[in-house]
Trainee: 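Following this message is one structure expressed as structure tokens.
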Protein chains: 2
Amino acid sequence: MKADKALGVALTAYWRGDPADVSVNAICQLAGVSKPSLYREFGSEDGLKRAALDRYADEALSDLFAILRRGGGLEETLDALIDFASADPRMESGCLFYKMRAGKHRLGPRTRARVDEIDLAARAGYAAFLQARDEAGELRDGLSVEAAAAYLGEQIGLAITQRASGETPARVRGMMELALSVLKRGDGRAIE
Amino acid sequence: MKADKALGVALTAYWRGDPADVSVNAICQLAGVSKPSLYREFGSEDGLKRAALDRYADEALSDLFAILRRGGGLEETLDALIDFASADPRMESGCLFYKMRAGKHRLGPRTRARVDEIDLAARAGYAAFLQARDEAGELRDGLSVEAAAAYLGEQIGLAITQRASGETPARVRGMMELALSVLKRGDGRAIE
DNA sequence: GGAGTAAAATACCGAATGGTATAAAAATGA
DNA sequence: TCATTTTTATACCATTCGGTATTTTACTCC
């Protein structure tokens, strides 16, 4: 279907740019799809945005969650997260989820609800991972798993956002190593 | 002049909300100023935004810079920065500078240039402060002053942004203490 | 091939945007 | 007091937005 192509076009347009700055008209033009067709398929701009976010979660965020569920050690997993946020080419232009969350007030109700869902799921994923590492004695003492999960999520978001704004991968990586080192028990030593 | 009042209204409106979501019409209505008057004074929306940002830098950001220039020790100064970002009531609804920087692509050329100026000035301020603390032997070993300055600036921005999005001051403070502890030599101990 | 139906394209709508021309009003000078 | 000039207010313009009504095309079934 043409509407399916439109969804792909919308996803990449929202992802590369700012979701609030991509108009329905532009998506129709880019995808070669008429506006009524698009509205028949998705109902509204909110519906299209939500569908794009759904696809994004399946396509890109799932990789992030997979890292957390691999069951690796703390250091190894944090390294993988740092790699993902600072070097994965797909994140070069930012993370659609974080972009949408940053401009949540501009979203329709359905998309906003999905953003909140993903936010909760991500926090839960971080918390489950950190809980396991804490039970393995790898987490820094006196750190609340809940707070550390929020911290980890925000630092990943910050890193991806910085990268999207033109910061070099090396610099983003350095900042992230600095920020995440504080989660480790031994206490992070200085980064090279 | 009435235009002066309009500038105040614009500043608070931009500051409390999203600068991109506050229209010139709304500002005129709120300030009781006619649109032609406002345009005679500021030339364009870009001019008004820039003037508001100027005033913001004088009024709010100067306090932040003052903390850096007080010449206190590393720990003391970081604590003051944490207080400012996580507890100052003026930052309750976010930082206009960081808001504008986050939506830089939506700004006119004059406002954007001012954002870049402030960005540079802030980085330089952080760097000068950290340089001094490094020479006093308080900074963690192996840390580039330049990178640490960027890190510090981003963490402050993240904290204020989080607070504006509804996070509790206590939680923001906890995350910030965690993030900034890594700058200290002794290596930060865990936060309660 | 022609009737009926499903899809698509064009053209349109009302609202809101930044910005301005014009008309009304107020203040100033003689 | 009258004329001039400056400031203010109303009304308007062109464009863009999300969303639809209408018309035209294409396809299916008999």
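Lettering follows sequence order; numbering is per chain, from 1.
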Trainee: Please identify each residue that fulfils ring-ring contact (aromatic ring centres under 6.0 Å, His included) with B/Y98, with sequence neighbours left out.
Mentor: none
Trainee: Tell me the interatomic distance from A/L38, atom CG, to C/dT10, atom P, rounded to whole angstroms.
Mentor: 16 Å
Trainee: Side chains of B/R70 and B/T77: does their closest heavy-atom pair fall under 4.5 Å?
Mentor: no
Trainee: Sequence neighbours left out, what pairs pass ring pair (Phe, Tyr, Trp, His ring centres under 6.0 Å) with at least one residue falling in residues 6-38 of chain B?
Mentor: B/W15-B/Y56
Trainee: Give me the distances for all protein-to-nucleotides 12-14 of chain C N/O pairs that come in under 3.5 Å?
Mentor:
none

Trainee: How would you list all residue pairs meeting salt bridge (Lys or Arg N to Asp or Glu O under 4.0 Å) that involve residues 17-40 of chain B, not counting sequence neighbours?
Mentor: A/R106-B/D18, A/R106-B/D21
Trainee: Just how far, in rounded Å, is P of C/dG18 from CZ of B/R106?
Mentor: 13 Å
Trainee: Let's see if you get this right: which residues in residues 19-29 of chain B place a heavy atom under 4.0 Å from DNA chain D?
Mentor: none
Trainee: What pairs meet the salt bridge (Lys or Arg N to Asp or Glu O under 4.0 Å) rule with one or both residues in residues 85-100 of chain B, with sequence neighbours excluded?
Mentor: B/D63-B/R90
Trainee: For B/Y39 and D/dT10, what is the distance between atoms OH and C1' respectively, to the nearest whole Å?
Mentor: 16 Å
Trainee: Enumerate the side chain to side chain donor-acceptor pair (under 3.5 Å) contacts for residues 151-161 of chain B, please, sequence neighbours excluded, ordered by first and then second residue.
Mentor: A/Q155-B/Q155, B/R101-B/E154
Trainee: Of all residues at least two apart in sequence or in a different chain, which pass the side-chain contact (heavy atoms from CB on, under 4.5 Å) check with A/S44?
Mentor: A/D46
Trainee: N/O contacts under 3.5 Å, protein versus nucleotides 21-28 of chain C?
Mentor:
none

Trainee: With sequence neighbours left out, what residues match B/A102 under side-chain contact (heavy atoms from CB on, under 4.5 Å)?
Mentor: none
Trainee: Does any pair with a residue in residues 60-94 of chain B pass ring pair (Phe, Tyr, Trp, His ring centres under 6.0 Å), and if so which ones, sequence neighbours excluded?
Mentor: none
Trainee: Could you state the atom-to-atom distance from CG of B/D46 to P of C/dT17 in whole Å?
Mentor: 18 Å
Trainee: Without decimals, in angstroms, what is the distance between B/L48 CG and C/dT17 P?
Mentor: 15 Å
Trainee: Please state whether the phosphate of C/dA8, meaning OP1 or OP2, lies under 4.0 angstrom from any side-chain nitrogen or oxygen of A/S37.
Mentor: yes
Trainee: Find the distance A/R40:CZ to C/dA6:C1' and express it as a whole number of Å.
Mentor: 8 Å
Trainee: According to a strict under-4.0 Å criterion, is A/S34 in side-chain N/O contact with OP1 or OP2 of C/dA9?
Mentor: yes
Trainee: Does A/R50 have any salt bridge (Lys or Arg N to Asp or Glu O under 4.0 Å) partners at least two apart in sequence or in another chain, and if so, which?
Mentor: A/D54
Trainee: Shared ILVMFWY cluster between A/V172 and A/L183, side chains joined below 4.5 angstrom?
Mentor: no
